[in-house]
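Following: one structure in structure tokens, then a few remarks.
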Amino acid sequence: MIEHLDSALVDWSRAQFALTAMYHWLFVPLTLGITFIIAFMETLYFKTGDPEWKKASKFWMTLFGINFAIGVATGIILEFEFGTNWSNYSWFVGDIFGAPLAIEGIMAFFMESTFIAIMFFGWNKVSKKFHLISTWLVAIGSNLYALWILVANGWMQDPIGMHFNPDTARNEMLNFWDVLFSPIAINKFLHTITSSYVLASLFVIGVSAWFLLKGREQLLAKRSIIIAAIFGLLSSLFLVYTGDGSAYQVTQKQPMKLAAMEGLYQGTKGAGLIMIGMPTPGKEYDDNKDDYVFKFEIPKLLSFLGYGDTEAFVPGVKDLMEGGFEYTDENGEKHIALSAQEKIEKGKLAISALAAYKDAKELKDEEQQTISLKIFKENFQYFGYGFLNDPKSIIPNVPLTFYSFHMMVGLGFYFILLFVVLLILLFQGKLIEKKWLLRLAIFTIPLAYIASMSGWIVAEVGRQPWVIQDLLPTVAAVSQIDASAVQITFWLFLAIFTALLIAELKIMIKQIKIGPKEGGH
Amino acid sequence: MTVGKRLWAIILIKLFIMFVILKLFFFKNFLNDKFENEEDKADYVIEQLTKPKNINND
């Protein structure tokens with residue numbers, strides 16, 4: 001008998017997860033980056049004994065404290081959702097997800113929490129050296145905290161180091177180090193934390209620019225801009241490097257995401273990288289419309305970034321749907337790509353074989369178990385495709401992925417330019433005269449958040465329909481619960497998180513207006 | 001109210017809402033709530049994964 005799955009349930013569950021993840025991410029990147037900026041400043045205070053550095057450290061620590069207090073534990077909601085809304089997924093991932101999250105909780109959370117207490121309340125109670133070490137450990141701890149969740153996310157983009165147990169329907173970890181050091185996970189971690197350093201740098205610069213515009217706290221503001229602009233510039237350059245690494249990994253593991261990021265429907269040899277462009281609205285993979293209304297591209301760069309060869313073939317959405325092109329796998333072996341329909345058929349074979357294996361096990365029919373298991377293992381890599389009925393459902397939202405990717409990259413290069421200009425003018429002693437630039441620096445704070453969010457949209461929307469790449473689509477991951485229950489909690493979360501955001505902004509702005517003198521602890 | 005006290009109040013209210021209201025009343029663990037042992041959970045998920053479904057867009 002064929003069951004019916006309410007599409008509203010899937011849509012509301014996705015919307016709720018996206019809402020909570022994005023609100024959670026409003027708080028996280030500032031924490032990851034500003035803790036290092038505070039640590040740099042406190043190190044300078046420790047080395048020089050200059051009280052102005054202590055004042056700066058304490059001021060930024062206050063703003064960090066506001067962000068941390070309001071943001072802390074907002075990520076727990078996501079774990080609630082795993083258990084309630086995404087029970088098939090939670091079961092299916094098994095200890096692959098559980099192990100990194102447990103380490104995250106035990107190691108990083110406790111390390112971070114312990115030393116945060118010393119960092120905030122330990123001034124004049126512990127030695128300067130011990131306080132400085134605590135501040136550094138808060139910075140390192142909060143970044144380690146991010147490592148584990150990003151390792152788990154990296155595994156979902158490229159599931160390796162595990163074995164699927166057909167008796168329990170769970171993935172079991174075979175090699176922890178394969179999961180931890182998966183190239184996708186490493187790139188994701190480095191790219192995410194460095195983007196957070198850039199965001200925090202822009203936050204510090206924006207707030208400092210406001211002080212300069214108001215003619216207040218000029219020494220603190222200038223010093224803060226120097227630290228943040230150098231940190232932001234170095235992070236941005238590393239971000240370009242890790243971005244290149246991420247693009248390479250996406251090319252190898254998630255070619256459909258790459259095609260969506262570039263709006264590339266018709267694959268080509270020597271593909272260019274789109275700098276500015278507009279994908280044709282309403283474009284379908286199998287129509288004859290041009291891919292773009294207009295485009296400005298750097299010739300052959302996409303082929304080079306993805307394959308290290310300017311003449312390499314980059315498959316587009318149409319090629320990935322229809323298959324038939326030659327590609328080389330990670331072991332250097334050449335294959336002919338399957339079409340989406342062929343993958344769906346193989347996926348359905350894997351699902352039927354799993355069902356047959358379960359039945360044979362109940363009947364204690366060992367021969368049938370062996371046959372079913374063989375078919376299952378041969379087709380397991382396409383398991384997730386078996387849940388899809390329409391081949392088109394393997395295509396993500398191309399315009400959203402394309403624009404998010406190009407917005408992220410465009411803003412990233414704008415930030416580099418801003419850091420360089422700020423540093424030059426600051427060292428020339430002309431920054432205070434450039435009121436327009438100071439206003440631009442304030443205006444850039446929300447742009448940093450938009451760039452950061454865009455990155456997550458590329459990563460998560462671009463990999464749809466997969467929750468776990470090729471193995472589990474979103475539609476198969478949800479729990480059979482009432483869509484209206486998910487809808488209620490969606491609005492509840494929207495209200496709670498919006499209240500938290502308003503509280504953050506109000507308290508933060510008030511504290512910035514009070515300034516560093518009264519802002520200590 | 002100082003900023004520190006206000007933040008502590010926000011943290012406590014938030015944790016109360018999350019762990020007492022949301023977790024207890026809205027976010028029960030679906031599988032733990034329905035089944036008592038791991039085997040039953042596995043059987044249920046295998047059944048969910050192997051039973052074909054049509055998306056109902058109504």
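This is a predicted model, so every value here is computed, not measured. Here is how names work: the chains are called A, B, and so on, in the same order as the sequence lines, proteins then strands, and each is numbered from 1. What's counted below: heavy atoms across the whole structure, side chains too, no hydrogens, waters or symmetry copies.
Note that the OG1 atom of A:T20 and the CZ atom of A:F493 stand 6.0 Å from one another [nearest 0.5 Å]. Atom NZ of residue B:K34 and atom OH of residue B:Y44 lie 4.5 Å apart, to the nearest 0.5 angstrom. In this structure, CG on A:D359 lies 9.0 Å from CD on A:Q368, to the nearest 0.5 angstrom.
Contact of B:N32 with chain A is not made at all, since no heavy-atom distance falls under 4.5 Å. For A:Y357, no part sits under 4.5 Å from any heavy atom of chain B, backbone or side chain. The contact between A:I77 and chain B is made entirely by side chain atoms (from C-beta outward), counting heavy-atom distances below 4.5 Å. A:A485 does not touch chain B: none of its heavy atoms, backbone or side chain, sits under 4.5 Å away. Residue A:F92 touches chain B through its side chain alone, counting heavy-atom pairs closer than 4.5 Å. For a residue to count as touching a neighbouring chain, one of its non-hydrogen atoms must lie under 4.5 Å from one of that chain's; by this rule A:I507 touches chain B with the side chain only. Residue B:K14 touches chain A through its side chain alone, counting heavy-atom pairs closer than 4.5 Å. Contact annotation for A:I76: only side-chain heavy atoms (C-beta onward) come within less than 4.5 Å of a heavy atom of chain B. For A:D167, the part sitting under 4.5 Å from any heavy atom of chain B is the backbone (N, CA, C, O) and nothing else. Proximity to chain B involves both the backbone and the side chain of A:T74, based on heavy atoms less than 4.5 angstrom apart.
Of the residues listed (B:F30, B:F26, B:F25, B:F19), the one engaging A:F80 in a ring-ring contact (aromatic ring centres under 6.0 Å, His included) is B:F19, and it is the only one.
Looking only at distances, no side-chain donor or acceptor of B:T50 sits under 3.5 Å from a matching main-chain atom of A:I351.
Taking the centre of each ring, A:F164 and A:F376 come in below the 6.0 Å mark. Proximity of the aromatic rings of A:F383 and A:F387 is defined here by a centroid distance below 6.0 angstrom, and this criterion is met.
Ion pair B:K41/B:E38 flagged as a salt bridge, since at least one NZ, NE, NH1 or NH2 atom sits closer than 4.0 Å to an Asp/Glu carboxylate oxygen.
Among the candidates A:N85, A:T489, A:I481, A:T168, the residue making the largest number of heavy-atom pairs closer than 4.5 Å to chain B is A:T489. For chain B, the option among A:A355, A:G386, A:A350, A:A503 with the highest count of heavy-atom pairs below 4.5 Å is A:A355. In terms of heavy-atom pairs under 4.5 angstrom with chain A, the leader among B:N29, B:I10, B:I17, B:I46 is B:I46. When the candidates A:L354, A:I66, A:L492 are compared by the number of heavy-atom contacts under 4.5 Å with chain B, A:I66 comes out ahead.
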Begin with the C-alpha distance, continue with both residues' side-chain angles, and end with the deciding distance and a verdict on side-chain contact (heavy atoms from CB on, under 4.5 Å) for B:L31 and A:W91. CA-CA 9 Å; B:L31 292 175; A:W91 184 264; 3.9 Å; yes
